[in-house]
Each structure stands twice: as structure tokens, then as C-alpha cells.
Amino acid sequence: MDNEKALAPDEKTIGAHPTVETADEPGEWRDQESFMTRNGLNLRSFERRPKVGPLTVLDKTMKTRHLHMIAIGGSIGAGFFVGSGGALSKGGPGSVLIDFIIMGVMIFNVVYALGELAVMYPVSGGFYTYSTRFIDPSWGFAMGWNYVFQWAIVLPLELLVAGLTVQYWDGAKGVNVAVFITVFWLFICLINVWGTLGYAEEEFWSACVKLGATVVFMIIALVLVLGGGPAEGKYSEYYGARNWYDPGAFNNGFKGFCSVFVTAAFAFSGTELVGLAAAETKNPLQSLPGAVRQVFWRITLFYVLGLFFVGLLVKSDDPRLIGGSGDTNTSPFVIAGKDAGLVGFDSFMNIVILISVVSIGVSGVYGGSRTLTALADQGYAPKIFNYVDRAGRPLYSVAFVLMWGPLAFMNLASTGATIFNWFVALSGLAALFTWGSICLAHIRFRKAWAYHGHTLDEIPFKAAGGVIGSWIGIGIIVVVLAAQFYTAVSPIGKRLGDATDFFEAYLAIFVVAAFWIAGYLWKGQGWLRTAQMDVDTGRRELDWDHINKERAEIASWPAWKRTLNRIF
């Protein structure tokens, strides 16, 4: 592989501006295909597409509007709408607010680091290659398979939550949850028939619904907190922050605070998909920076502010919360609407939650399949998975991830809450390793960039926090892993946990370690020295006249405007 090319210890590659070695674009033959073939609507579309260049090139049909909505609303799903109920029950509203702010700081730096790397190095299908290129090929192998595994687990989780969400309504309570799991699984299969464009359009419109509904909820929540609710509801007089006093802002002490971290990690899972999706846009250099900046708004407005209002309106000891003592498994967003006496609002929020969790299921298939295709293309997975058809679908990779969906049927043999907790723990910790690897790859890229004689002026889009931001991201991830270890050894309600408690909370650690060992045994390559990191091969071709003109314009702005542009 090019990104594994070793250089002599004293050899440096010096160049004025980036050059790029890219595969030929598949536009010429694709433009000659019929509409039915391009969109996967006939049998010809399932044929293998012509091989162009050294790498498997995915479609470039995603538009800037798709990328922006994926960035700002793509990962809002079960962790935010449903998992927050379990977090509220375990840690209280204070823990939820503080932990989500801390995780927000971490993900902010992660996405900016990813944005800098993605603009510099176009990656078709998997940013795990940054770990391979700048950290350790064996660790890159582990991160690639870890990411596939993460999304393979998320799919049945979201199917399970979708089934439980439907059963909120009385008419569905008598129907076996397996029926709803099957229906939603088939729907996700259908969406993937339309490939990249199908995923992009589904994400765009579902994100519009999620974001619109969350804004509506926050406006209504503000009115309810101030006592403007209907007379028949519990918010007809000033409600304020009484839930922070009774039953209290923090549940279960320090253990409760630590336990919320993994739920927060799961809620932010998928934020990094903006970097994966960028490879399937026509002009990532133009569309990706703006999409990365949208993450700030998602963290501030939707996660932090939205969950702050939830903590004000819903008591942390409410038995209806998932993970509480009850068995109705309803979201705190739904509970708030029902308690307010707003007729139909609870059902409206439940519909939004249903759209959200199914949307994340679609994202899981997209993220897992594209990463698996990239693994196969780099020789880290069986070659069958780099099959891409004329409609741009990595068919066998998509089928592989979809095959994990029926794991949701395990709910028939156990309680939904138990399976939910296992899946949240697995996927939440898996995401932490992905994010930590992005930050470390960014740090080592900057070090290698300077070593090979380059300057920061040659980087067209720089992370807002720079290397310090990536170190902060890694530091927070280490704290979260330590907190999770503490709650694994000493769970809530116990002085010392048993083996089940420990593995439920920390199983992902052993999964990643197994992948790392497998990668080392397969490739026999370890930690890369700075001199071995190739920062020139495969760099994106850049229009420096346009970039310098834009930089000159920004330099003429006042300081406050430059600061806002850097963050937003």
C-alpha cells in the first residue's frame, strides 16, 4: 500500500504544494448509463462496474445539502431520544448535562481533526486509513473492522428500539415486536437499493424532520418550564428547576455521573460519518468544511440544550424511563409531552423518534458497508467485498451489514432493556476508539508534515483547536474509558460487580484488542516512525489561486468575524 511506504530515517519529501495521485473518475461510462441503471432500478445495475484506476471509486452523487444535513442531524437517534432516558435515570439531569457537554467538546475536536485530514487526503470508503497511514497498519486494520462491527451492532439495536417505539401506541401493544422489527429491516433493505443517493435523500429529509421537531420541542419546553402549559397538565404553573432539587440533580453519586458517559458516547456515534460521506460528493474541498462547522450547532442546540430541557421537565426517578423500574420503555421526550397534557404531542414525538432510529439504521448500513469495501480494497478484507455495481452500490458489503439486522430478534428471548444496554455499551465504546484514533492520526500527521518540510500554510482547512484540540479529545476519551472501567468493576447499587457486569460494560475493549492482534499477525507491521509516514502520496489536488484569494478576503475581516468563521 502507498500509505505504508517506508522512507529512510533521514529522507524528507519537500514540496511547495500538494500533488495528488488519484484514480480515474468513472464519470464517462456512468454518464452513458440509463436513469434506471444509475439508480439501481433494473437488473443491469447489479453488474460489476468497470474497474477504473488502482482503487475502488465510489459514487460522487451526494450534494452539499446532503452533507450539511448529515453533519447537523445525521446521528440524532436512539441515543439522544431514548438512551437519554436511561442516562437520566442513572445519573440525574446534572450528570446528563455535564457529561454531554464534556463529550461535545471531545466530538467537536474530533470532527475538526477529521475534516483537516479528509480535505488533505481523499478517502473513498473509510477514514480508518488515516490510522494505517499515520499510526500503525495493524491498528488501522483494527479500527477498520471495529468500525464495521460498531455499525453492524447498531443496526439491530435501532431495529429493536424502532419495534419498542411502535409499541408505545395501544393498538400495537398486542402485536409481537418481531413483526415491527421485520418491517423496518425490510424498509432499510429497500432504501439501500438506491445506493448513495437513496441514503443521502433519506438522511436529508429525516434530518429535516428530526431537527425541526427538536426545535419545536425546545420552544414548547421553554413555555412549559415557565408555566405556560395547559391547565390539565402538570406544567400549568411555573415549573422551573424543581426536578433538580427533588429528586435531585445527581443520582447515584459519582457512579451515576460516570455511567452517563457511555450513553453520551453512543448518542454522538455517527457524527464522524460526515467524513465518510464527503468521499461521495463531487467537491469535498468546498462542501466538507462547511459541514464540519455545522457540528457546533448540533452539539450546542440539540444535544446540550435539548437534554437540559428534558432534565427540567422529566423526573429522573420516573418509572416510565427506559432503565428505570417500569416496563413501558418510553422516551423522556414523549413523557414530557404526555405530562404536559398536550393532546397528540406525545404521539408526534414518538413518530419523530421512530423516523430517527430507522434513519440511524440506514446510516449503520451505509457506514459499515463503505468501510468494509475500503478494507477489501486495501487487502484487509476478502476481495469479494470490493464489488461495486453500476449503480454505485457495494453489494456484498451492504448485504454483510444487513445480515446483522436479525440479531434484534434476540429481544424475543430476553428483556428489551437488557439487550439495549449490551448494545449501547458495545457500540458506545467502539466509537470512542474510532474518535481517539482520528485525534491521534491528526497529531501524528502534523508531526510528519513538519518533519517532511511542509508548513501549516499548505493545509487548506485547519482544525479549529489544532493539535491541542486533538490532545484534549484524546484526554477526554481516556477519562471516559477510566470512568467506564470504574462502573464496570463497581456498578451502581453494588460495591463490587460480577463478571457479567464487567463484560457488559467493557467487552468492546477486548474486541478491539482481538482485531489489533489479528491485524498484526496478518500484516506483521507495527508502530510507524515519523520518517516512515508518507505525507505526499495521494494528496488532494488543490486550486491554490482560489484558496489564497479566499484567505486574503478572510484576513481583511475584523477579529470577531474571523473567530466566528473559524468555529461556525
Side-chain angles (χ1 to χ4, degrees), residues 68-89 91-111 206-229 235 238-244 249-250 257 260-261 263-271 292-316 318 321 331-337 339-340 342 345-346 348-349 352-353 355-356 360 464 476 564 567-568:
H68 279 221
M69 291 309 292
I70 290 171
I72 196 171
S75 69
I76 296 178
F80 177 66
F81 284 120
V82 183
S84 58
L88 184 63
S89 176
S95 294
V96 169
L97 181 62
I98 295 172
D99 284 1
F100 270 81
I101 290 176
I102 293 173
M103 295 302 291
V105 172
M106 182 274 298
I107 203 67
F108 176 84
N109 288 297
V110 168
V111 174
S206 63
C208 288
V209 171
K210 288 185 284 185
L211 299 181
T214 305
V215 171
V216 169
F217 171 81
M218 289 190 291
I219 294 172
I220 293 176
L222 177 61
V223 174
L224 297 178
V225 169
L226 297 177
Y235 310 113
Y238 179 74
Y239 201 77
R242 65 183 67 181
N243 290 346
W244 285 59
F250 298 94
F257 179 83
V260 175
F261 272 123
T263 302
F266 173 70
F268 282 113
S269 295
T271 307
V292 167
R293 294 186 182 104
Q294 302 296 324
V295 172
F296 173 86
W297 295 106
R298 187 199 326 177
I299 294 170
T300 304
L301 294 181
F302 300 107
Y303 283 97
V304 176
L305 192 57
L307 292 178
F308 172 68
F309 280 122
V310 164
L312 292 177
L313 295 173
V314 181
K315 291 182 177 292
S316 59
D318 193 309
L321 292 171
S331 162
F333 291 84
V334 174
I335 292 173
D339 289 349
L342 299 172
F345 184 75
D346 58 330
F348 166 73
M349 286 305 302
V352 173
I353 293 168
I355 293 173
S356 300
I360 296 299
I476 293 175
L564 291 178
I567 299 176
F568 306 132

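Remember, predicted model here, so these are calculated numbers, not experimental data.
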Item to check | Thr214 side chain to Lys210 backbone, donor-acceptor under 3.5 Å | outcome: yes
Checklist outcome for this item: From the list Asp318, Ile335, Val314, side chain to side chain contact (heavy atoms under 4.5 Å, CB included) with Leu88 holds only for Val314
Checklist entry - So, for Ala87 and Thr263, which heavy atoms are closest and what is the spacing to 0.1 Å? => result CB-CG2, 3.9 Å
Next on the checklist: Under the criterion side-chain contact (heavy atoms from CB on, under 4.5 Å), I'd like the reasoning laid out for Tyr235 against Ile220: C-alpha separation, chi angles, the key distance, then a yes or no.
Outcome noted: CA-CA 11 Å; Tyr235 310 113; Ile220 293 176; over 6 Å; no
Item to check | side-chain contact (heavy atoms from CB on, under 4.5 Å) between Leu97 and Leu307, intermediate numbers included | outcome: CA-CA 7 Å; Leu97 181 62; Leu307 292 178; over 6 Å; no
Checklist entry - So, do Ile98 and Phe250 sit near enough that their side-chain heavy atoms are less than 4.5 Å apart? => result yes
Item to check | Residue that, paired with Phe217, satisfies ring-ring contact (aromatic ring centres under 6.0 Å, His included) out of Phe333, Phe348, Phe81 | outcome: Phe333
Checklist entry - Are the side chain of Tyr303 and the backbone of Met103 linked by a donor-acceptor contact shorter than 3.5 Å? => result no
Checklist entry - What heavy-atom pair brings Val260 and Val96 nearest, and what distance separates the two atoms? => result CG1-CA, 4.0 Å
Checklist entry - Where do Phe308 and Phe100 land on the ring pair (Phe, Tyr, Trp, His ring centres under 6.0 Å) test, with the steps shown first? => result CA-CA 10 Å; Phe308 172 68; Phe100 270 81; over 10 Å; no
Checklist outcome for this item: Between Ala340 and Leu224 the two heavy atoms that sit nearest each other are CB-CD1, 3.7 Å
Next on the checklist: Quick check: closest heavy atoms across Ser84 and Pro332, and the distance to 0.1 Å?
Outcome noted: OG-CG, 3.6 Å
Item to check | Pairwise distance CD1(Ile102) to OG(Ser95) - rounded to 0.5 angstrom | outcome: 9.5 Å
Item to check | Heavy-atom pair with the smallest gap, counting every atom of Asn243 and Gly311 | outcome: CB-O, 3.7 Å
Item to check | side-chain contact (heavy atoms from CB on, under 4.5 Å) between Leu312 and Tyr239, intermediate numbers included | outcome: CA-CA 8 Å; Leu312 292 177; Tyr239 201 77; 5.8 Å; no
